[in-house]
Amino acid sequence: MKKAGSEGEQRTRTKTGDDENMEELSRELEACLSESRACVVATIVDVDGSAYRREGARCLIHVDGEVTGILSGGCIEEDLREHAQEVLRTLEPRKLFYDFRIGEDEVWGIGLGCNGAITVWLEPFDPVRSPDAADRILGDLRRRVETREPYVAATVIGSSDPAAVPPGARRTLVAAAEEAGLLGAGRRAGLVRLPEGSTQLELLLERVAPRPELVIVGVGDDARLLCSLARRLQWRVTVAYHATDKATRERFPAADELRVIPRYAFEQVDVKGKYVVVMSHNLDLDREAVHRMLTPEVAYLGLVGSRYRLEKILESNSNGGGSDGSIDPQLLAKLYSPVGLDIGAETPEEIAMSILAEMTAVKNSRSGGFLRDRKAAGSGARTPTATPSQSSFLDEPIFPESCRV
């Protein structure tokens, strides 16, 4: 096995950041399909202890060694490249087990600083030699990106009868997995073992949620920055504003939807379950947007501006736009103004990051504080469902491509 920083690693570059999200992986696979290029999909299917990323994290390993996405911060990617070449040669999936729980901090000659074990599943994507499997993988990712309803995705990792149910087969579970408690409280993904007829299966179950949705009221340069950053973080973004030379697709290419509405007609915008940021920088427009969009159905409404501006907007008297009175006090808990986490943001880029950080904290029911101040008992870390020594039918010869690293 090559060490990190080896010649093999230096020959290729690993894409990180935005490239690791599901939407980018889907686009990369679309390109592979159209160009008849093969690659390997690497997925973390099990984590025991601490790890850089959790179950369900994915990356793509291309024929030339380039990696789209990130699984470990660079700790195992070079080794994954070597195994990926064999997976592409044989078109057989492979399980790899990496155990970092050792006394010394030196693993393969590098300091990992982790204290856990991860299992990675490598799946071939070859639109030429295995087009059906390639279509199945790409269709799975497309549905995750496009869904507007939550569901549980099941991927067959191992099978006691590969002829009947081959590894790589996909299943969709809407409510059964939740009702049976297969994943356990608080877990987004994990391995389970279930029978399907006479076949025993090992499945990776993943809770798939629709992309969170953001509505931006405003078309200024700060709105453009927020739109762009939100899309990079996989939010579905709608920009809603009245007709103006700034409300154009050319200025907001990242937006999923550009809604041109009559002036003050913010009630025409669907806000159910969505996050709204009002940033028109016009007092009358901001007042109307807050009064009409702060409803029981909205998940969050952030208002850019000072506390004084907020006080003016909350005044119960109406204005020329036709505001119909005061806001229900019970809804004020959903109103965030001044908007954003207190990180000392000054530049438009920092302000956009602060706003998105606050929305993410609200979405995940977090306070947005320092991680170092969180108590271990409340960290949300799960108790492993199986010990590392627990045997599995997948360790038997029925799945000989499995290997432990």
Side-chain angles (χ1 to χ4, degrees), residues 21-23 143-151 188 207-220 222-242 247 249 251-282 285-305 310 313-314 321 323-324 327-328 330-341 351-366 368:
N21 66 51
M22 202 67 69
E23 187 176 6
R143 179 177 183 187
R144 293 166 188 252
V145 171
E146 297 169 359
T147 185
R148 306 299 285 267
E149 298 294 335
Y151 66 96
R188 294 182 179 179
R207 288 192 176 103
V208 179
R211 290 158 54 198
E213 298 196 45
L214 167 64
V215 176
I216 298 175
V217 177
V219 290
D222 55 350
R224 293 176 65 192
L225 282 170
L226 181 61
C227 176
S228 177
L229 183 56
R231 283 293 284 109
R232 292 187 65 188
L233 297 178
Q234 300 187 73
W235 288 69
R236 188 185 302 273
V237 182
T238 298
V239 176
Y241 212 65
H242 58 269
R249 267 291 174 194
R251 282 179 54 79
F252 290 90
D256 292 277
E257 182 181 5
L258 179 63
R259 285 286 309 276
V260 178
I261 59 176
R263 193 178 181 90
Y264 299 123
F266 298 108
E267 72 280 356
Q268 294 185 9
V269 182
D270 177 22
V271 297
K272 183 176 181 181
K274 300 179 183 180
Y275 295 70
V276 177
V277 176
V278 178
M279 51 196 316
S280 76
H281 305 293
N282 177 291
L285 288 172
D286 283 358
R287 179 187 288 116
E288 289 305 312
V290 170
H291 278 258
R292 295 170 187 262
M293 303 176 90
L294 187 59
T295 66
E297 291 78 24
V298 74
Y300 163 106
L301 193 148
L303 171 66
V304 174
L310 174 64
I313 285 175
L314 292 181
S323 180
D324 57 0
I327 296 174
D328 184 346
Q330 294 183 351
L331 297 178
L332 293 179
K334 297 183 177 185
L335 177 58
Y336 291 75
S337 185
V339 67
L341 293 185
I351 293 171
M353 179 175 65
S354 168
I355 294 171
L356 272 165
E358 180 176 77
M359 291 193 304
T360 302
V362 172
K363 177 174 69 73
N364 296 330
S365 301
R366 299 290 187 176

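No hydrogens, no waters, no symmetry mates; every other heavy atom, side chains included, goes into these values. These numbers were taken from a predicted model, which means no experiment stands behind them.
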* Donor-acceptor under 3.5 Å (Thr360 side chain, Leu356 main chain) -> yes
* Asked: How long is the gap from CZ on Arg259 to CD1 on Ile216, to the nearest 0.5 Å?
  -> 14.5 Å
* Asked: Would a 4.5 Å heavy-atom cut-off, applied to side chains only, mark Val298 and Leu294 as touching?
  -> yes
* Asked: What's the spacing between Ile351 CD1 and Leu229 CG if we round to 0.5 Å?
  -> 12.5 Å
* How long is the span from the CG atom in Asp270 to the OG1 atom in Thr238, to the nearest 0.5 Å? -> 8.5 Å
* Asked: For Gln234, does its backbone N or O pair with a side-chain atom of Arg211 as donor and acceptor, under 3.5 Å?
  -> yes
* Structure fact -> In terms of heavy-atom contacts, Ser337 and Gly305 come closest through OG-O, 4.1 Å
* Asked: CZ/Arg232 to SG/Cys227 distance, rounded to the nearest 0.5 angstrom?
  -> 12.5 Å
* Without swapping roles, check the side chain of His291 against the backbone of Ile313 for a donor-acceptor pair under 3.5 Å. => yes
* Asked: So how far is it from Glu267 CD to Ile261 CD1, rounded to the nearest 0.5 Å?
  -> 7.5 Å
* So, for Pro262 and Gln268, which heavy atoms are closest and what is the spacing to 0.1 Å? -> CD-OE1, 3.5 Å
* Test log, rule side chain to side chain contact (heavy atoms under 4.5 Å, CB included), inputs Leu226 and Leu214 -> CA-CA 10 Å; Leu226 181 61; Leu214 167 64; 4.3 Å; yes
* Asked: Is the Tyr300 ring parallel, tilted or perpendicular to the Tyr336 ring (thresholds 30°, 60°)?
  -> parallel
* Asked: Around Glu149, counting heavy atoms of other residues, nucleotides and ligands shown, do more than 12 lie under 6.0 Å from its CD?
  -> no
* Asked: Judged by atom type as modelled, is there a donor-acceptor pair below 3.5 Å linking the side chain of Arg144 to the main-chain atoms of Met22?
  -> no
* To do: Could you please spell out the steps behind the side chain to side chain contact (heavy atoms under 4.5 Å, CB included) verdict for Leu335 and Leu314?
  => CA-CA 11 Å; Leu335 177 58; Leu314 292 181; 4.0 Å; yes
* To do: Could you tell me whether the side chain of Leu310 reaches within less than 4.5 Å of the side chain of Val290, counting heavy atoms only?
  => no
* Structure fact -> From the list Val277, Val217, Asp286, Val339, side chain to side chain contact (heavy atoms under 4.5 Å, CB included) partner of Leu303 resolves to Asp286
* Asked: Can Arg236 and Glu23 be counted as an ion pair, charged N to O under 4.0 angstrom?
  -> no
* Asked: Only one of Arg231, Lys274, Arg249 clears salt bridge (charged side-chain N to carboxylate O under 4.0 Å, His left out) with Asp256; which?
  -> Arg231
* N/O donor-acceptor pair under 3.5 Å between Arg251 side chain and Arg224 backbone -> no
* To do: Find the distance between CG (Asn282) and CD (Glu288) and round it off to the nearest 0.5 Å.
  => 10.5 Å
* Structure fact -> All heavy atoms of Gly218 vs all of Ala223, minimum pair found to be O-CB, 3.5 Å
* Asked: Where do Arg148 and Glu213 land on the side chain to side chain contact (heavy atoms under 4.5 Å, CB included) test, with the steps shown first?
  -> CA-CA 10 Å; Arg148 306 299 285 267; Glu213 298 196 45; 3.0 Å; yes
* Asked: Is Thr147 reaching over with its side chain to a backbone N or O of Pro210, donor-acceptor style, under 3.5 angstrom?
  -> no
* Asked: Of all heavy-atom pairs between Val269 and Ala240, which one has the smallest distance, and what is that distance?
  -> CG2-CB, 3.8 Å
* If every non-hydrogen atom of Lys334 is compared with every non-hydrogen atom of Pro296, which pair is closest and at what distance? -> NZ-O, 2.6 Å
* Structure fact -> What one should report as the nearest heavy-atom pair of Leu285 and Phe266 is O-CE1, 3.6 Å
